[in-house]
Every structure is written in structure tokens, then in C-alpha cells.
Amino acid sequence: MFEYEMHQMRAAELAREADRRRLVREARRIRRAVRRSARDEAEGRVSAPAWKTRSARTV
């Protein structure tokens, strides 16, 4: 009976460890995605220069 209880405790410990590692991986993935999106937003989208958007002057 003692071995069975030890086995149950070890199985529960391994399950907790696996859950913790899964959460750590997910947090890292999310942080990485946030950093990438923030970096992309900081650079901004390139728009056409002002002189291209104005119509040509006719005299």
C-alpha cells in the first residue's frame, strides 16, 4: 500500500510540474508576440510622401 501512495504522490508531482512548464512556455510565447507586435507598431506603416498625395499644380 505504501508504494501505491508514493506512486500517486509522484504522479501528482509530475502532473503539477508539467502544468507549470506548460504555463511558462505559454507566457514566454505571449511575451514574445507582444514584443514583436510592439516593435512593428513602433516602426509604423510607411505611407506615401506628402508631395505624392497632392494634385499637380496647373497654371
Side-chain angles (χ1 to χ4, degrees):
M1 190 69 172
F2 180 72
E3 290 84 12
Y4 178 75
E5 291 170 354
M6 290 297 291
H7 173 73
Q8 291 295 339
M9 288 174 39
R10 179 68 178 146
E13 182 182 333
L14 289 173
R16 284 191 301 270
E17 179 69 15
D19 287 340
R20 188 189 67 77
R21 287 178 186 227
R22 215 172 290 121
L23 285 173
V24 168
R25 275 196 314 267
E26 184 178 354
R28 284 180 181 161
R29 183 182 54 81
I30 290 171
R31 275 189 251 138
R32 198 175 310 127
V34 167
R35 279 195 307 262
R36 285 179 183 156
S37 69
R39 185 175 56 225
D40 292 342
E41 287 176 9
E43 292 177 8
R45 184 175 281 243
V46 177
S47 59
W51 60 269
K52 281 191 174 182
T53 58
R54 287 185 253 145
S55 58
R57 201 183 272 184
T58 55
V59 179

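If you're wondering where the values come from, they're calculated on a predicted model, not measured in any experiment.
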With respect to Glu5, which candidate in His7, Gln8, Met1 satisfies the side-chain contact (heavy atoms from CB on, under 4.5 Å) definition?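 Running side-chain contact (heavy atoms from CB on, under 4.5 Å) over His7, Gln8, Met1 with Glu5 returns exactly one hit, Met1.
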
To which residues is Leu14 joined in a hydrophobic cluster, defined by side-chain heavy-atom contacts under 4.5 Å among Ile, Leu, Val, Met, Phe, Trp and Tyr, whether direct or through other members?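 Listed partners: none, Leu14 stands alone.
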
Quick one: side chains of residues 22-34, donor-acceptor pairs under 3.5 Å with protein atoms, not counting sequence neighbours, listed by atom name and distance.
| from | atom 1 | to | atom 2 | distance (Å) |
| --- | --- | --- | --- | --- |
| Arg22 | NH1 | Asp19 | OD1 | 2.7 |

Charged N to carboxylate O under 4.0 angstrom, Arg16 versus Glu13?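 Glu13 and Arg16: not salt-bridged.
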
